Amino acid sequence: MAAPRVFIVRHGETQWSLNGRHTGRTDIPLTANGERRVVATGRALVGDDRLIVPRQLSHIYVSPRKRAQRTFELLNLGISDPLPWQPHGRSAGGGLECSAKVEVTDDIREWDYGDYEGITSPEIRRMRAEQGIEGSWDIWKDGCPGGESPQDVADRLDRLIADIREKYHEPVLNPHEGEGSHKPSGDILIVAHGHILRAFAMRWAGKTLQDGPAFLLEAGGVGTLSYEHRSINEPAILLGGAFVVDITGEEENSTLNQV
């Protein structure tokens, strides 16, 4: 049996992600193109013979921001229970049945950018220079004034990781006698944001945020985390399971007509 996995999904494209503005607390919608691409990603990666198998999901965590919730709505998942939010639009429909509970948690909301909300990185660096702050701004080391520090972010992510491992992964990797054959896979789905998911991957692998991640996760992209040697003490990043789906203009038009 494969080791349980965590699938991290970044929300689809927004107007601010297009122009590089840091979007934390601001609740803005996906663009039309962002919605189309999420639908395409769901159809490509979610299914019985795909990367994410709906019936193998044990739990789903979603950010409280509507851009992440809308992304979840457009993935190819047939959730039987009502969503813990008012839907932000029609779903793509036709998803395979999934009995996992959907939980909205602040622990996976985007980094709080504080004074840097809605500002691009070049603008932040110019502003800091005018304030006499030496050195180039690095969110992984400097955090955001009026917002969160790297330690603030690490603390809430560590809490979420501990929750996942204790409730869903430890029972699969180290089952009690007689339980192994009928335990669920323990797969987890997280739908959230760019900076926080990159930070999540770092903390998953036991790295400090100050180490500075070289990871990238495009809008609408999917990454996969798991364990080496089926050991709870050997968290790993599955490089082969991290990819983003691209679609042609013709496919975009076809997808849009079906949403």
Side-chain angles (χ1 to χ4, degrees), residues 2-12 27 30 34-35 38-39 41-48 50-110 156-173 183-194 196-201 203-204 217 219-227 235 238 241-242 244-245:
R5 298 166 295 178
V6 176
F7 302 109
I8 55 175
V9 180
R10 182 182 173 188
H11 66 75
D27 225 359
L30 303 184
E35 292 206 355
V38 171
V39 171
T41 297
R43 290 175 179 168
L45 301 186
V46 179
D48 280 340
R50 312 293 168 85
L51 176 68
I52 303 171
V53 180
R55 57 185 168 79
Q56 291 183 354
L57 292 175
S58 293
H59 200 73
I60 298 166
Y61 296 93
V62 182
S63 161
R65 303 294 178 245
K66 67 182 180 184
R67 56 191 181 277
Q69 295 172 358
R70 182 60 178 150
T71 296
F72 176 78
E73 292 171 7
L74 294 171
L75 293 174
N76 191 33
L77 289 166
I79 300 296
S80 54
D81 293 334
L83 293 175
W85 63 79
Q86 287 297 318
H88 303 293
R90 289 189 300 154
S91 69
L96 297 179
E97 183 178 352
C98 178
S99 59
K101 179 182 176 181
V102 180
E103 177 183 349
V104 174
T105 175
D106 268 332
D107 284 346
I108 203 63
R109 60 178 167 77
E110 182 56 298
R156 61 180 169 97
L157 291 179
D158 288 352
R159 182 169 58 239
L160 179 58
I161 289 170
D163 191 59
I164 291 170
R165 289 178 177 162
E166 178 183 352
K167 291 181 180 177
Y168 305 106
H169 288 176
E170 180 72 30
V172 174
L173 293 170
K183 296 294 288 184
S185 73
D187 284 353
I188 302 296
L189 176 66
I190 298 177
V191 185
H193 313 268
I196 203 65
L197 289 176
R198 293 163 67 190
F200 183 92
R203 295 305 298 151
W204 181 267
L217 190 60
V222 179
T224 310
L225 312 175
S226 188
Y227 302 91
L238 283 172
V244 62
V245 172

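Not measured: the values here are computed from a predicted model.
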Tell me whether E166 at atom CD has more than 12 heavy atoms from other residues, nucleotides or ligands lying less than 6.0 Å away. no

Using the rule side chain to side chain contact (heavy atoms under 4.5 Å, CB included), only one of V62, I8, L157 pairs with I108; which is it? L157

Considering non-hydrogen atoms only, spot the tightest contact between L30 and G12 and give its length. CD2-O, 3.3 Å

Output, in order, the C-alpha distance, side-chain angles, deciding distance and verdict of side-chain contact (heavy atoms from CB on, under 4.5 Å) for I190 and V6. CA-CA 7 Å; I190 298 177; V6 176; 3.7 Å; yes

Between R5 (side chain only) and I52 (backbone N and O only), is there a donor and an acceptor less than 3.5 Å apart? no

Give me the atom names and distance for the closest heavy-atom approach of R50 to A44. CD-O, 3.4 Å

State, yes or no, whether a side-chain contact exists between V53 and S185 at a heavy-atom distance under 4.5 Å. no

Step-by-step side-chain contact (heavy atoms from CB on, under 4.5 Å) determination, S63 to H193: CA-CA 8 Å; S63 161; H193 313 268; 2.7 Å; yes

Between E103 (side chain) and H59 (backbone), is there a donor-acceptor pair under 3.5 Å? no

Is a side-chain N or O of T224 found less than 3.5 angstrom from the main chain of F7, in a donor-acceptor match? no

Measure the shortest side-chain to side-chain distance between R203 and I161 over non-hydrogen atoms and say whether it is less than 4.5 angstrom. yes

Flag for D107-Y61: side-chain donor and acceptor within less than 3.5 Å: no

side-chain contact (heavy atoms from CB on, under 4.5 Å) assessment of E97 paired with R55: CA-CA 7 Å; E97 183 178 352; R55 57 185 168 79; over 6 Å; no

With heavy-atom distances below 4.5 Å as the criterion, would you say the side chains of L96 and L77 are in contact? no

Identified side chain to side chain contact (heavy atoms under 4.5 Å, CB included) partner of V38 from the options L74, N76, V9: L74

Could you check whether the rings of F200 and W204 sit parallel, tilted or perpendicular, using 30° and 60° as the cut-offs? parallel

Which heavy atom in P4 sits nearest to a heavy atom in L173, and how many Å separate them? CD-CD2, 3.5 Å

What orientation do Y227 and H169 show, parallel under 30°, tilted 30 to 60°, or perpendicular over 60°? perpendicular

Looking at every heavy atom in both L57 and A100, which two are closest together, and how far apart are they? O-CB, 3.4 Å

Has R156 got a side-chain atom pairing as donor or acceptor with R109's backbone, closer than 3.5 angstrom? yes

Before you tell me yes or no, could you show the steps for L238 and L225 under side-chain contact (heavy atoms from CB on, under 4.5 Å), namely the whole-Å CA-CA distance, both residues' side-chain angles and the distance that decides it to 0.1 Å? CA-CA 6 Å; L238 283 172; L225 312 175; over 6 Å; no

Please tell me if the side chains of R70 and H11 come closer than 4.5 Å, counting only heavy atoms from C-beta onward. no

Are any side-chain N or O atoms of S58 and backbone N or O atoms of I188, one a donor and one an acceptor, separated by less than 3.5 Å? no

Distance alone, cut at 3.5 Å: any donor-acceptor contact between the side chains of H88 and E73? no

Quick check: do W85 and F72 have side-chain heavy atoms less than 4.5 Å from each other? yes

Passing candidate, side chain to side chain contact (heavy atoms under 4.5 Å, CB included) with I60, options V102, L75, D187: V102

Would the distance check show the side chain of D27 and the main-chain N or O of R65 forming a donor-acceptor pair, the cut-off being under 3.5 Å? no

Taking the side chain from R10 and the backbone from L217, do they hold a donor-acceptor pair closer than 3.5 Å? yes

Determine the minimum heavy-atom distance between C98 and P54, stating which atoms define it. SG-O, 3.4 Å

